[in-house]
Amino acid sequence: MKTCNGNTSILDMFEKGKVLKICAPMVRYSKLAFRSLVRKYDCDICFTPMIVAADFMRSVKARDSEFTTAERDRPLIAQFAAHDAQTLADAACVVAPFSDGVDLNCGCPQRWAMSAGYGACLINKPELVKDMVRLVRNQVDNPNYTASIKIRIHKDLRQTVDLCQKAESAGVSWITVHGRTTDERHQPVHYDAIKTIKDSISVPVIANGDIKYLRDVESIHHLTGVDGVMAARGLLANPAMFAGYEDTPLECIWDWVDIAIEQGTPFTCFHHHLIYMLERVSSQPERKVFNSLSSTSAVIDYLQNTYGSVQDLGTSRPSTEMTLQWTAVASFLYVEIGILVILCLPFISARRWQSIFQLRVWSFMARFWNKVFLTMVIVLIVLFLDAVREVRKYSSREHGAGAKMQANMQDHLHMKLFRAQRNLYISGFTVFLWLVMKRLVTLINQLAAMSGTTAVLQAQADTANQTAKKYMEDNELLKQTLTEAKGDEAAAAGMELLKKEVKNLKEELKTTGDVLKKSQSESEVMKMQTEGLAREYERLLKEHQELQNLQDGENKKDD
């Protein structure tokens, strides 16, 4: 990194043909400790938090607390909030020996700042901004010391272009443009407006707004043609963003611990920075536990237990233990597998399972079965979708595959991806087996019912066959009796026997027809059997009639 001093200027950095990467001024956050951290990860220029120039000049104590720096804290831009030119120039003269430039805040949209005449209200006072820039350039005794402004855009972009051109005529070194209006907070950034401003002036332009990854730097540069980008919330979430990391690497977290302890950073600031850094790489339960910590020692113990000690950073592995909810889901999956294995045991028939399902305890549970089933399906699907989201989240790290990533960060991301994939498989198989188990129980009941019906039909068919066989035997006996012509008494007995058998046959046919109606699957077979029996019955009747006629003829001859 090039260090600026009295003989060089930050403007020389713009001539390298690269896009400068800048840490934005952030109240309470972009102090010396945080600036020291982001400089380790390819940040080119850092800003101090916004300092109210009037308060800064009024009190030595305010100067000592608001502006702190160190020998290696360069290049450094001190940002001031002011509403008169002389106060801003006086403040610039005070910090000039310890910084490389001053920046006038013309973009803060907070009500207190605008009501006091600071911040974004200055974009509507282009002449005042022009005078403030000119006075700083005239009174600071260093020709390489820069004077820049940070602005928001107007709804009428022509006003913004006019402001920038007037600042350029006053000798502004560069202009940082936050691509939103004063009323906009989280709306999309107007990069087209930034491009228009860049095309309208010759001094360098810095783009600000929604820079969260290193790939955003290049895309915004190609989109707008700006000379640099400034990040705020993106750096809070990942101080190593400009070095190409998609999320905060573990080394960066421990670097922050070392820097904060070395510089005596207050616990609140120390803790808040870590909360931002861990937000993307930790789960919600982990964040809840970490956010509740209340001392530096507790934070360090948590980091050591979760990510390993500083000495073991290169080989440490974050905990891969399952959370309670996924342990419960995995246990449920194992229970499902066990139940399915039992239900598929070959020596337990479907009819026996049906008799087990008809026990009183199952009858009691059946009243809540559908509600429990649907509830579990919904819960498991929600967990499945959450696991899909986690897999996509950590799979997206492939975007930074070409960037510089240390081995421990890759291991950490691989662990996160593995855990998300594991949860995805657990929830997916659990949903699948839950549906299979319900379907299997239904099929067992249907198979048991079909088996019972088939047994009844088989018994009825066996009875009908036995009856038909007996009828045929009796018919043969009758024919033999008639042939031997044993007389009227034998014929009468044969007729009586035939009538009884015919009656029995009709009753059997009726019973068989009733049984056949109970099972559609066996109806065609039974129909064919019934038709066969009917034809046999008609044939026997016909033979009986012929025998009767033969007997009547013999009786007449005897007479």
Side-chain angles (χ1 to χ4, degrees), residues 29 33-34 37-38 40-41 233-241 243-263 265-330 383 386-387 389-397 400 404-427:
Y29 291 116
F34 186 71
L37 178 66
V38 297
K40 291 173 66 69
Y41 293 93
R233 285 176 294 180
L235 279 178
L236 280 180
N238 178 15
M241 176 184 70
Y245 293 91
E246 293 287 306
D247 287 320
T248 308
L250 300 182
E251 181 186 4
C252 181
I253 293 174
W254 286 118
D255 283 342
W256 169 245
V257 173
D258 292 339
I259 292 171
I261 293 176
E262 179 183 353
Q263 298 188 12
T265 302
F267 173 75
T268 300
C269 180
F270 167 70
H271 190 212
H272 282 184
H273 274 293
L274 285 173
I275 289 174
Y276 281 114
M277 294 180 200
L278 295 173
E279 183 176 7
R280 295 181 187 171
V281 297
S282 58
S283 63
Q284 185 175 358
E286 291 171 341
R287 291 196 297 271
K288 186 175 181 181
V289 172
F290 184 80
N291 294 353
S292 66
L293 301 178
S294 57
S295 68
T296 301
S297 60
V299 169
I300 294 176
D301 288 341
Y302 176 90
L303 294 175
Q304 289 176 337
N305 293 333
T306 306
Y307 303 108
S309 64
V310 180
Q311 292 78 11
D312 298 332
L313 181 61
T315 58
S316 63
R317 297 293 183 270
S319 173
T320 57
E321 295 181 358
M322 296 178 66
T323 61
L324 180 61
Q325 77 174 28
W326 287 109
T327 301
V329 175
L383 292 174
D386 181 67
R389 180 188 61 81
E390 290 289 317
V391 169
R392 294 182 62 184
K393 174 182 176 182
Y394 295 113
S395 295
S396 66
R397 302 302 175 271
K404 295 187 299 181
M405 297 189 69
Q406 297 186 2
N408 64 300
M409 181 57 187
Q410 291 181 351
D411 291 343
H412 177 68
L413 292 178
H414 289 163
M415 183 280 298
K416 288 286 188 180
L417 179 59
F418 165 77
R419 187 167 63 180
Q421 290 173 335
R422 177 200 63 196
N423 295 342
L424 176 65
Y425 298 147
I426 289 175
S427 56

Inset, instruction - Using the test ring-ring contact (aromatic ring centres under 6.0 Å, His included), find all partners of Tyr276 that sit at least two apart in sequence or belong to another chain. - result: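 If we apply the ring-ring contact (aromatic ring centres under 6.0 Å, His included) test to Tyr276, skipping adjacent residues, the hits are Tyr29.
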So which atom in [X] and which in [Y] form the shortest heavy-atom distance, rounded to 0.1 Å?
X	Y	answer
Ala33	Thr265	CB-OG1, 3.6 Å
Phe290	Tyr302	CD1-CD2, 3.4 Å
Pro239	Thr248	CD-OG1, 3.9 Å
Arg280	Glu246	NH1-O, 3.2 Å
Trp254	Leu303	CH2-CB, 3.5 Å
Lys40	Ile259	CD-CD1, 4.1 Å

First locate atom [atom1] of [X], then atom [atom2] of [Y], and finally report the distance between them rounded to the nearest 0.5 Å.
X	Y	atom1	atom2	value
His273	Ile253	NE2	CD1	13.5 Å
Leu236	His272	CG	NE2	11.5 Å
Ser282	Ile275	OG	CD1	10.0 Å
Asn238	Cys252	CG	SG	6.5 Å
Met241	Asp247	CE	CG	12.0 Å
Glu279	Leu274	CD	CG	13.0 Å

Inset, instruction - Start with the C-alpha distance between Asn423 and Leu383, add both sets of side-chain angles, then the distance that settles side-chain contact (heavy atoms from CB on, under 4.5 Å), and finish with yes or no. - result: CA-CA 8 Å; Asn423 295 342; Leu383 292 174; over 6 Å; no
Inset, instruction - Please state whether the rings of Tyr41 and Tyr245 are parallel, tilted or perpendicular, taking 30° and 60° as the class boundaries. - result: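 It falls in the perpendicular class, over 60°.
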Inset, instruction - Determine the interplanar angle of the Phe267 and His271 rings, folded into 0 to 90°, and report it as parallel if under 30°, tilted if 30 to 60°, perpendicular if over 60°. - result: parallel
Inset, instruction - Test Val289 against Gln284 for side-chain contact (heavy atoms from CB on, under 4.5 Å), laying out the working first. - result: CA-CA 9 Å; Val289 172; Gln284 185 175 358; over 6 Å; no
Inset, instruction - Check step by step if side-chain contact (heavy atoms from CB on, under 4.5 Å) holds for Ile261 and Ile300. - result: CA-CA 11 Å; Ile261 293 176; Ile300 294 176; 3.6 Å; yes
Inset, instruction - Kindly state each residue pair satisfying side chain to side chain donor-acceptor pair (under 3.5 Å) with at least one member in residues 287-296, sequence neighbours excluded. - result: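 Listed once each, the pairs are Ser295-Ser297.
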